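Reviewing the structure listed below.
Sequence lines set the chain letters: A, B, ... in the order given, protein chains first and strands last, and positions in each chain run from 1. Since the structure is predicted, the reported quantities are computational estimates derived from the model, not experimental observations.
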Protein chains: 2
Amino acid sequence: MTEDTMTIGQMCRCFGVTPRALRFYEQKELLSPIREGQNRYYTPRDRARLKLILRGKRFGFSLAEIRELLELYRLGDGQVTQLSATLQSAERHRADLIAKRDELATAIGELEAQMDVIRQMLAERSQSRRAAE
Amino acid sequence: MTEDTMTIGQMCRCFGVTPRALRFYEQKELLSPIREGQNRYYTPRDRARLKLILRGKRFGFSLAEIRELLELYRLGDGQVTQLSATLQSAERHRADLIAKRDELATAIGELEAQMDVIRQMLAERSQSRRAAE
DNA sequence: CCGGAAGTTGACGTGCGCGTCAATCCCCTA
DNA sequence: TAGGGGATTGACGCGCACGTCAACTTCCGG
């Protein structure tokens, strides 16, 4: 721990993932921990990226898509690599996320409606019970 | 088309899926089209279910999870199969969906913040250009 | 009667996201 | 000096969600 870096084991305990997964993400260029000899040391930046990775997975994005998303946060690398292209990419991702959020809202609404139906059935059932007695 | 049912080919064109996928969903008990001889005929109910399936997939749910969700909409089958249990299951799913929606909102906010950073960099760049001329 | 389009059931293949070994290495403590 | 804990790199395996054949049957127009 040269600084505020973490070993792979610490990362695993911290985020609830396996070493295998972290190495896999590294191979897919989603993470790039410091390699001191053979060992890996994860910086705060790696941790932030891992958070984004895990969140992306919860939303059903593939690792390839998550990789793209991570690129958007990787500014400041020498050449100002087509900032406007990056911005356009970000715009697309934003639209995608917003569509998903709205669709989720719809799904929640439908589920709640269905829950009301169930509650209604429960109420009727207890009423017919009382009537039978 | 005895009624307002559809063949597998019509379903595929309508929803942009393959026959293989539809048969796979059937095998996993997510769909149960009418079987007339060997052929399949999909009812409006099947179409509604397929919509839910595809939406669930977009949210990153597994087919097993989607199956559970579909169960919640399957009421009215003879015995009032533990309505309260169904309601509890629905409650869990609702909480899950809401958590996801909120997380998505956060992600959108972060992405928009990053977009502002990029716009800022673009603005500074065009300013230094003008200054250099 | 024949061809083509659409449907069917297996059965094997494929890409993704890791799990699960094995064999090895390094460091620390007892 | 020996062992234990944690790390490493292959390499193979696995579950999911289908894709992709092959080998039919059924129907319908010409």
Side-chain angles (χ1 to χ4, degrees), chain A residues 1-43 46-47 49-71 96 100, chain B residues 1-43 46-47 49-71 96 100:
Chain A
M1 44 179 114
T2 322
E3 192 63 24
D4 45 0
T5 66
M6 291 170 69
T7 69
I8 198 168
Q10 292 173 321
M11 287 290 279
C12 292
R13 264 162 276 146
C14 188
F15 288 94
V17 297
T18 65
R20 183 70 182 86
L22 292 182
R23 297 194 193 105
F24 187 73
Y25 297 155
E26 185 176 347
Q27 184 186 327
K28 294 288 173 181
E29 298 181 88
L30 298 177
L31 291 177
S32 44
I34 300 168
R35 299 303 300 264
E36 208 155 288
Q38 295 284 66
N39 292 35
R40 294 165 170 84
Y41 295 100
Y42 295 86
T43 67
D46 290 314
R47 272 168 264 162
R49 290 174 72 91
L50 183 54
K51 273 183 204 167
L52 282 175
I53 292 169
L54 297 179
R55 195 167 67 185
K57 280 173 58 65
R58 261 172 268 139
F59 296 157
F61 291 112
S62 70
L63 293 188
E65 288 169 323
I66 292 171
R67 185 168 130 71
E68 265 193 73
L69 255 167
L70 285 174
E71 291 292 313
D96 191 8
K100 229 165 207 176
Chain B
M1 42 181 115
T2 321
E3 192 62 27
D4 46 359
T5 65
M6 292 170 68
T7 69
I8 199 169
Q10 292 173 323
M11 288 291 280
C12 292
R13 264 162 275 148
C14 188
F15 289 94
V17 296
T18 64
R20 183 72 182 86
L22 291 182
R23 295 193 195 104
F24 186 74
Y25 298 154
E26 185 178 346
Q27 186 186 326
K28 295 289 174 179
E29 296 181 272
L30 299 178
L31 291 177
S32 45
I34 300 168
R35 299 304 299 265
E36 209 156 286
Q38 294 284 67
N39 292 35
R40 293 167 170 83
Y41 295 99
Y42 295 86
T43 67
D46 290 313
R47 272 168 265 163
R49 289 172 72 90
L50 183 52
K51 275 183 204 166
L52 282 174
I53 292 169
L54 297 179
R55 194 167 69 187
K57 279 174 59 65
R58 260 171 269 137
F59 296 156
F61 291 112
S62 72
L63 293 188
E65 288 169 324
I66 292 170
R67 186 166 131 71
E68 262 193 76
L69 255 168
L70 285 174
E71 291 291 313
D96 191 6
K100 231 166 206 175

Could you walk me through whether B:Ile34 and B:Asp46 pass the side chain to side chain contact (heavy atoms under 4.5 Å, CB included) test, one step at a time?
-> CA-CA 10 Å; B:Ile34 300 168; B:Asp46 290 313; 5.7 Å; no

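Side-chain nitrogen and oxygen atoms of A:Tyr25 include at least one within less than 4.0 Å of the OP1 or OP2 phosphate oxygen of C:dC18. Distances shorter than 4.0 Å separate none of the side-chain N or O atoms of B:Tyr41 from OP1 or OP2 on C:dG7. A sub-4.0 Å separation between OP1 or OP2 of C:dC16 and a side-chain N or O of A:Lys28 is absent. For A:Arg40 and D:dT9, the shortest distance from a side-chain N or O to OP1 or OP2 is below 4.0 Å. Look at A:Thr7 and you won't find any side-chain N or O under 4.0 angstrom from OP1 or OP2 of D:dG6. A sub-4.0 Å separation between OP1 or OP2 of C:dT8 and a side-chain N or O of B:Arg23 is present. Between B:Thr18 and the phosphate of D:dG19, there is a side-chain N or O to OP1/OP2 separation shorter than 4.0 Å.
Proximity of a side-chain donor or acceptor of A:Arg35 to a complementary backbone N or O of A:Gln38 within less than 3.5 Å is detected.
Counting heavy atoms from C-beta on, the side chains of A:Phe61 and A:Arg55 never come closer than 4.5 Å.
With rounding to whole Å, B:Gln10 atom CD is found 17 Å from C:dA5 atom P. Atom CZ in A:Arg13 sits about 13 Å away from atom P in D:dG5, given to the nearest Å. Atom-to-atom, CD of A:Gln38 to P of C:dC26 comes out at 9 Å; the value is rounded to the nearest Å. What separates CD of A:Gln27 from C1' of D:dG10 is a distance of 11 Å, to the nearest Å. Taking atom CD of B:Glu36 as the reference point, atom C1' of D:dC27 lies 14 Å away to the nearest angstrom. One interatomic measurement links the two molecules: CZ of A:Phe24 to C1' of D:dA11, which rounds to 15 Å at whole-angstrom precision. The distance from atom CE of A:Met11 to atom C1' of D:dA7 is 15 Å, rounded to the nearest whole Å. For the pair A:Ile8 CD1 and D:dG6 P, the interatomic distance rounds to 13 Å; values are reported in whole Å.
Closest to the side chain of B:Ala21, out of C:dG17, D:dA17, D:dC18, is D:dC18. In the set C:dG7, D:dT9, D:dA17, C:dG7 carries the atom at the smallest distance from any side-chain atom of B:Asn39. Ranking D:dA7, D:dC18, C:dG17 by closeness to the A:Ser62 side chain, first place goes to C:dG17.
Applying the 3.5 Å distance criterion, the base of D:dT20 shares a donor-acceptor pair with the side chain of B:Arg20.
Taking all atoms of both residues into account, the shortest heavy-atom contact from B:Phe59 to B:Lys100 is O-NZ, 3.3 Å. Between A:Glu26 and A:Arg40 the shortest heavy-atom distance is OE1-NE, 2.6 Å.
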